[in-house]
Amino acid sequence: MSDRRVIICGAGPSGLTAALFLSRAGVPVTVLESREGLYDDPRAATFHPPTMEMFAESGVTKRLHELGILCPRWQFRGRDEGIIAEFDLGILADVTPYPYRLQCEQHKLVAVLADILAGFSTCDIHYGATVETVSQTSDGVTVTTADGTEYQGAYVIGADGGRSVVRKSQDIDFAGFTYQERFLVITTPTDFEQQGFALSCYVSDPAEWCALFKVPGAGPPGIWRVVFPTKPEHTAEELLDFASAQQRLQGFIPREQPYSIVHTNLYTVHQRVASTYRSGRVLLAGDAAHVNNPLGGMGMNFGIHDAVSVATKLARVLNGESDELLNLYDRQRRHVANAFLQAMTIQNKRVLEEKDPVQRDMRLNEMRETAKDPAKARTFLLRTAMFEGIWAAEKVA
Ligand SMILES: Cc1cc2nc3c(=O)[nH]c(=O)nc-3n(C[C@H](O)[C@H](O)[C@H](O)COP(=O)(O)OP(=O)(O)OC[C@H]3O[C@@H](n4cnc5c(N)ncnc54)[C@H](O)[C@@H]3O)c2cc1C
């Protein structure tokens, strides 16, 4: 057995980020991924400034800039009211070299990471390798895949998504809740910018909120994704049907000619955090450790921040420092998952869907006031652009 090799389960954004930071620190890595190759599921597409800072040195940020769309402004709107508040990340130019959101699909990040990792002879990625069991002794871990192959290493990182086999193998609780309504994502080439929409917008409405943002798609001019809530009584087939998606878009912004629809996707949405991110030699990161609704574009970014934190600390432990650092990883990242990721995404959804007219007015006014007051806007952007969560994690001892 390698006394330093780290086995990573899952080659999504979190797993490959951990692989990159470990590889750059000279730690041998084996990544096990159940898919047969790269994928293009249209999930995360928003990169926040701290994530771009973390990826800068490895060249990932430069590659993402070649592929993505810069989004310096985002809007909070009311479906009937129009623009309620517009936020310009440019006011954070003294805090970050990346004062904007970068819109780029997560599968493109995964491809960039896999490409860079191919340059490390110490990193192997095995596709078509579904992890089934994980066991550990006091000096190592054994991971077994569906075909019976055993992989041995010093530690394992479970970055295998919300249904994590690694998390389940250690009986780690995943408490929280699942929303009744699923989220429908409709993709269309219609350019909403021409109608005054910023490239990322949240639209509040007591009956049917929505969120829309532009992604690069196959290249310029890009495509738009519009996210709607759905009613629990509707079947997936009904919701994914292009004719009903057409009605949704027409209901949102009516127009004479039909919208062109590229695809529709439906997601079940949960708010959950693992009860621990460490069980001996088994560590969790990304969706395996926490899941949340996509409003605010935080889940993937947060998973990347976990991955950087766990990989950096693990490399130090494998170079002889105390494994107490891994407990620190658990304390830091789990604290901010609860205090920031969960709190903010739950709040984001509440603001969008508020039905009580008095509460709704109050929330919309708060947003207006925040946008108008430069000090409040700055505080708000430091939080929503995910700086505050990182600073808070660093303060946890
Ligand atoms: C509609 C939608 C929009 C979103 N938008 C954003 C956004 O704009 N910004 C943002 O930050 N987040 C967003 N998210 C959340 C984001 O997609 C996830 O947080 C992110 O994918 C988590 O990355 P991960 O690597 O932790 O897990 P995953 O992406 O789930 O990757 C896990 C990997 O593990 C593999 N795997 C699973 N089980 C096994 C096994 N047993 N053995 C081996 N491999 C296994 C899977 O095949 C997968 O490749 C969005 C999510 C949705 C649904």
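Worth knowing before you read on, the calculation uses all heavy atoms, side chains too, and leaves out hydrogens, waters and symmetry mates. Every number for a ligand or one of its atoms is a count from 1 in the order of the listing.
Between His126 and Tyr151, the distance from one ring center to the other falls under 6.0 angstrom. Taking the six-membered ring for Trp and the full ring otherwise, the centers of Phe302 and His290 sit less than 6.0 Å from each other.
Interface of Gln106 with ligand 1, defined as ligand atoms under 4.0 Å from a residue heavy atom, comprises 16 (C), 17 (O), 20 (C), 21 (O), 29 (O).
Regarding atom 13 (C) of ligand 1, its nearest protein heavy-atom neighbour is Ala44 CB, 3.2 Å. Atom 48 (C) of ligand 1 has as its closest protein heavy atom Glu33 OE1, 3.5 Å. Considering only non-hydrogen protein atoms, atom 37 (C) of ligand 1 sits nearest to Asp160 O, 3.3 Å.
In this structure, Arg182 is not positioned above the aromatic face of Tyr267 in the sense of NZ or CZ being under 6.0 Å from the six-membered ring centre and within 45° of the axis. Annotation: cation-pi geometry not satisfied between Arg73 and Phe87 (NZ/CZ under 6.0 angstrom from ring centroid, within 45° of ring axis).
Proximity annotation for atom 52 (C) of ligand 1: of Met298, Met386, Glu36, Arg43, Arg43 comes nearest, heavy atoms only. Among Gly162, Gly303, Gly161, Ser164, the residue whose heavy atom sits closest to atom 27 (O) of ligand 1 is Gly161. Of the candidates Val165, Asp287, Thr268, Thr17, it is Asp287 that places a heavy atom closest to atom 22 (C) of ligand 1. For atom 9 (N) of ligand 1, the candidate residues are Ala307, Ser169, Gly297, Cys104; the nearest heavy-atom contact is made by Gly297. Among Val131, Val291, Leu184, the residue whose heavy atom lies nearest to atom 41 (N) of ligand 1 is Val131. Ranked by closest heavy atom to atom 23 (O) of ligand 1, the top entry among Pro294, Ala18, Pro13, Ala45 is Pro13.
Inclusion of Arg35 in the set of residues having an N or O under 3.5 Å from an N or O of ligand 1 is warranted. Considering backbone and side-chain N/O of Cys9, none are found under 3.5 Å from N/O of ligand 1. Of the polar atoms of Gly286, none of the N or O atoms is found under 3.5 Å from an N or O of ligand 1, judged by distance alone.
Ring geometry for Trp209 against Phe183 counts as perpendicular: the plane angle is over 60°, on a 0 to 90° scale with 30° as the lower cut. Phe192 and Phe252 have tilted rings, their planes meeting at an angle from 30° to 60° on a 0 to 90° scale.
The closest approach between a heavy atom of Tyr267 and any atom of ligand 1 is below 4.0 Å.
Between the side chains of Arg360 and Ser204, at least one donor-acceptor pair of N or O atoms lies under 3.5 Å.
By the criterion of a heavy-atom distance under 4.0 Å, neither the backbone nor the side chain of Ala288 is placed next to ligand 1. Contact annotation for Met300 and ligand 1: heavy atoms of both the backbone and the side chain come within less than 4.0 Å of the ligand.
In summary, of the residues considered (Thr370, Asn348, Val203, Val351), a side chain to side chain contact (heavy atoms under 4.5 Å, CB included) with Phe76 occurs for Val351 alone.
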